[in-house]
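Questions regarding the structure given below will be posed in turn.
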Amino acid sequence: MKVVKSSIWKEGFLERIENRVEWDQWTLYKMNYEITKENLITDFHGLKAVDYLPNLQLFDHQLQAAETVIEEMNGKAILADEVGLGKTIEAGLILKEYLIRGLVQKALILVPASLVNQWVDELNGKFHIPAIAYRKNYALEACQVVVMSIDMAKRKPHKEKIYAENYDLIIIDEAHKLKNHRTKNYEFVQNLKKKFCLLLTATPIQNNVYELFHLISLLKPGHLGSFESFQAAFSKNNRHDEAEEFLHELVNQVMVRNRRDDTGMTWTNRHVEIIPIQFTQQEQAAYEMVSSLKETSPIFSHAFSMITLQKEMCSSKEATALTLTKMKERCTNAEERKEIEKVITTVMNVERNAKAEKAYEIIQKANDKVIIFTEYEASQVYLQSYLYSKGITSVPFNGRFSKSKRDWMKQLFEQKAQVLIATESGSEGINLQFCNHVINYDLPWNPMKLEQRIGRVHRIGQKENVHVYNLAIQDTVEDHILNLLYEKIDVFERVVGELDDILSHVNEQQPSNSKII
């Protein structure tokens with residue numbers, strides 16, 4: 001097919017010039033002028049996005065957070081509201097505002113894989129933002145607002161495609177997972193070109209202040225100085241009120257944090273208690289026998305291995321025996337294998353589980369829906385079997401499930417079963433306001449994981465008082481865990497701000513002396 005240049009346009013152009021013919025209809029011109037004028041935003045104060053979202057219920061703290069990020073923090077901020085206050089809504093509002101103002105043309109949203117569809121649904125349904133979930137065969141340059149899992153984004157060839165794009169706004173959900181600056185996730189985010197950037201996490205500090213340093217360095221490198229100077233000024237050994245006050249002031253320049261008590265909203269109460277449990281004689285003997293392995297076999301001399309076994313023994317004999325069996329298979333010394341086999345036999349001969357019995361007692365007393373959090377899949381399976389033997393219906397929930405199966409388990413829990421038994425994956429990205437009883441069957445090392453768990457039920461939409469039961473076996477490694485949890489809560493509150501109760505009031509229930517390797 002031959003393409004021929006046309007010169008017809010010249011005739012009409014010259015006729016209008018020479019004979020002063022009307023270029024276009026005045027009515028159409030005036031309409032175009034009015035539309036253009038209406039779309040101009042001459043005042044940068046206040047949120048224009050609200051006018052475009054008449055059907056979305058927005059709370060004052062969410063509006064204030066969005067205004068603060070846009071007007072005072074130049075679009076680079078950590079959104080650190082307590083769990084359940086709507087950080088996703090705040091991020092969506094900020095994105096909508098920038099889109100309306102023409103300051104954002106392209107946006108990238110990085111989230112855990114299990115939350116991709118949830119983000120797409122919220123942005124499309126609530127904010128009318130045409131976000132899409134990224135697929136491997138998509139042309140990334142054609143996607144204006146794209147949501148993808150960070151695990152996919154950091155891998156080839158997606159990483160190179162993302163680096164080639166110029167994104168105006170990057171949003172990262174569950175940003176506390178970037179706390180380790182030595183990971184590929186951290187390196188990937190650090191190398192992204194970021195005009196505006198939002199990090200969403202209710203738990204910006206999980207173990208120490210250095211995690212916060214690395215998060216803020218992703219937003220504003222140098223805001224807290226170099227790592228060496230930060231370490232010298234704010235290490236545990238140099239802690240004093242003046243330094244902490246200065247650090248708190250620096251953090252507030254890049255962080256928005258709303259607490260439930262500050263929102264002006266009516267919240268149900270949170271009742272938290274530590275429930276001490278005593279091992280049965282059989283359990284105590286098995287626990288001590290497991291602990292003695294560190295003296296008989298080199299493979300148990302590593303502190304982490306022994307503490308893991310002690311924690312598992314505080315959870316279930318099934319979890320302990322599974323780990324011991326795997327370690328026996330790796331052992332090449334016949335005598336050591338024989339010793340491990342003897343311990344496995346002793347562990348499996350334990351007839352009762354005092355912690356499971358206490359959990360059953362709480363479930364009976366609650367006579368309502370209950371979530372149990374355990375750290376081990378073997379304990380999850382055991383608990384489901386144990387509760388079934390007691391006539392209690394339950395469903396499991398763990399990270400191995402596909403999204404459709406996770407949704408199905410949630411639906412079964414809401415409509416059929418009394419108990420949901422979840423591993424750690426159940427503490428993020430699932431909203432369960434129809435339940436108000438939480439049993440922390442296994443205590444994590446990190447207090448922020450407890451906050452994430454409780455936040456699944458104690459959030460906007462909860463109509464009942466929330467009851468939290470933290471189970472702890474006395475005279476075991478769990479005493480040591482409790483002490484560390486209190487210390488880490490103290491660090492968080494000194495730097496970031498007060499926390500809602502997640503264990504009990506600090507020093508209200510002091511754990512007894514630790515029994516640890």
Side-chain angles (χ1 to χ4, degrees), residues 49 52 66 69-70 74-79 87-201 214-215 217-221 399 402-404 406 428-429:
Y52 293 79
V69 170
I70 291 171
N74 300 316
K76 289 188 175 183
I78 298 174
L79 297 179
K87 291 182 290 296
T88 305
I89 296 295
E90 293 169 0
L93 187 58
I94 292 167
L95 173 57
K96 184 74 172 181
E97 186 71 20
Y98 278 139
L99 287 170
I100 290 170
R101 293 179 181 276
L103 295 174
V104 166
Q105 302 297 326
K106 300 195 70 173
L108 173 66
I109 301 162
L110 300 172
V111 304
S114 60
L115 301 183
V116 169
N117 291 335
Q118 182 176 313
W119 266 89
V120 171
D121 292 344
E122 292 229 343
L123 290 177
N124 280 275
K126 293 181 178 178
F127 295 95
H128 313 298
I129 295 173
I132 62 167
Y134 179 70
R135 298 289 182 266
K136 292 181 180 180
N137 58 343
Y138 283 8
L140 200 56
E141 63 274 10
C143 305
Q144 182 187 16
V145 179
V146 61
V147 184
M148 72 171 75
S149 76
I150 192 167
D151 287 331
M152 175 187 280
K154 72 182 180 185
R155 297 197 301 264
K156 294 182 178 181
H158 316 296
K159 180 173 73 172
E160 288 73 19
K161 291 179 180 178
I162 291 169
Y163 284 163
E165 296 296 311
N166 288 311
Y167 288 103
D168 301 301
L169 172 61
I170 291 173
I171 299 173
I172 301 172
D173 197 8
E174 306 295 351
H176 50 269
K177 294 183 177 180
L178 299 172
K179 62 185 178 182
N180 187 347
H181 67 291
R182 295 186 178 92
T183 62
K184 289 185 177 179
N185 283 9
Y186 189 94
E187 181 185 1
F188 168 70
V189 173
Q190 189 177 39
N191 291 328
L192 288 172
K193 297 184 283 288
K194 301 178 283 289
K195 177 180 174 183
F196 304 120
C197 184
L198 301 177
L199 303 180
L200 279 59
T201 173
H214 295 305
L215 276 185
S217 295
L218 288 176
L219 288 175
K220 290 187 173 183
S402 64
K403 182 185 182 299
S404 58
R406 288 162 63 97
E428 293 182 345

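Predicted, not measured: the structure shown is a model, and the values here were computed from it. Here, residue 1 is the first one in the sequence, and each next residue gets the next number.
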Inter-residue atom distance Glu97.CD - Arg101.CZ, 0.5 Å rounding: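 These two atoms lie 4.5 Å from each other.
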
Would you say the side chain of Leu140 lies within less than 4.5 Å of the side chain of Met148, judging by non-hydrogen atoms?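 The answer is yes; the side chains approach within 4.5 Å.
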
Does atom NZ (Lys193) have a neighbourhood of more than 12 heavy atoms from anything else shown, all under 6.0 Å?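 Counting neighbours around NZ of Lys193, more than 12 heavy atoms of other residues, nucleotides or ligands fall under 6.0 Å, so yes.
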
From OG (Ser149) to CZ (Arg155), nearest 0.5 Å: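 Rounded to the nearest 0.5 Å, the OG-CZ separation comes out at 6.5 Å.
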
Which heavy-atom pair separates Tyr52 from Ile100 by the least distance, and what is that distance?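 Residues Tyr52 and Ile100, closest heavy atoms: CD1-CD1, 3.4 Å.
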
Residue pair Gly75 / Tyr98: nearest heavy atoms and the distance that separates them: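 In this case the closest contact between Gly75 and Tyr98 is CA-OH, 3.3 Å.
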
At their closest point, which heavy atom of Val116 faces which heavy atom of Ala133, and how far apart are they?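 Looks like CG1-CB, 3.7 Å.
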
For the CD atom of Gln118 and the CG atom of Leu123, what is their distance to the nearest 0.5 Å?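 So the gap between those two atoms works out to 10.5 Å.
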
With side chain to side chain contact (heavy atoms under 4.5 Å, CB included) as the criterion, how do Leu108 and Tyr134 come out once you've worked through the C-alpha distance, each side chain's angles and the decisive distance to 0.1 Å? CA-CA 10 Å; Leu108 173 66; Tyr134 179 70; over 6 Å; no

Do the ring planes of His214 and Tyr186 sit parallel (below 30°), tilted (30 to 60°) or perpendicular (above 60°)?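 Answer is perpendicular, since the angle exceeds 60°.
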
Between Leu169 and Lys195, is a side chain to side chain contact (heavy atoms under 4.5 Å, CB included) present by the stated rule, with each step listed? CA-CA 6 Å; Leu169 172 61; Lys195 177 180 174 183; over 6 Å; no

With rounding to the nearest 0.5 Å, note down the distance linking CE in Met152 to CG in Leu110.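 Separation between the atoms: 11.5 Å.
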
Ignoring hydrogens, what is the shortest heavy-atom contact between Ala49 and Leu93? Give both atom names and the distance.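 Residues Ala49 and Leu93, closest heavy atoms: CB-CD1, 4.0 Å.
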
Can Tyr167 and Leu192 be said to form a side chain to side chain contact (heavy atoms under 4.5 Å, CB included), step by step? CA-CA 9 Å; Tyr167 288 103; Leu192 288 172; 5.8 Å; no

How close do Ile129 and Gly92 get, counting heavy atoms only, and between which atoms?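 The answer is CD1-O, 4.0 Å.
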
Shortest non-hydrogen contact between Ala77 and Leu219, atoms and distance: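 Shortest heavy-atom contact: C-CD1, 3.5 Å.
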
Between atom CD1 of Ile170 and atom CG of Leu199, what is the distance when rounded to the nearest 0.5 Å?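 Atom-to-atom, Ile170:CD1 and Leu199:CG are 10.0 Å apart.
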
Measure the shortest side-chain to side-chain distance between Asp173 and Ile109 over non-hydrogen atoms and say whether it is less than 4.5 angstrom.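 No, every pair of side-chain atoms sits at 4.5 Å or beyond.
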
Mind checking what makes salt bridge (charged side-chain N to carboxylate O under 4.0 Å, His left out) contact with Asp151, not counting sequence neighbours?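 Asp151 satisfies salt bridge (charged side-chain N to carboxylate O under 4.0 Å, His left out) with Lys154 only.
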
Side-chain donor/acceptor of Lys96 to backbone N/O of Phe127, under 3.5 Å: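 The answer is yes, because a donor-acceptor pair under 3.5 Å joins these two groups.
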
Quick one: does any side-chain atom of Asp168 pair with a main-chain N or O of Phe196 as donor and acceptor, under 3.5 Å?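 No; zero donor-acceptor contacts below 3.5 Å.
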
For Glu165, enumerate each residue passing the salt bridge (charged side-chain N to carboxylate O under 4.0 Å, His left out) test, keeping only those at least two apart in sequence or located in another chain.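 Expected list: Lys106.
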
Ile171 side, atom CD1; Leu198 side, atom CG - distance, nearest 0.5 Å: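 If I round to the nearest 0.5 Å, the distance is 5.0 Å.
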
For Val189 and Ile150: C-alpha separation, side-chain torsions, deciding distance, then whether side chain to side chain contact (heavy atoms under 4.5 Å, CB included) applies. CA-CA 9 Å; Val189 173; Ile150 192 167; 3.9 Å; yes

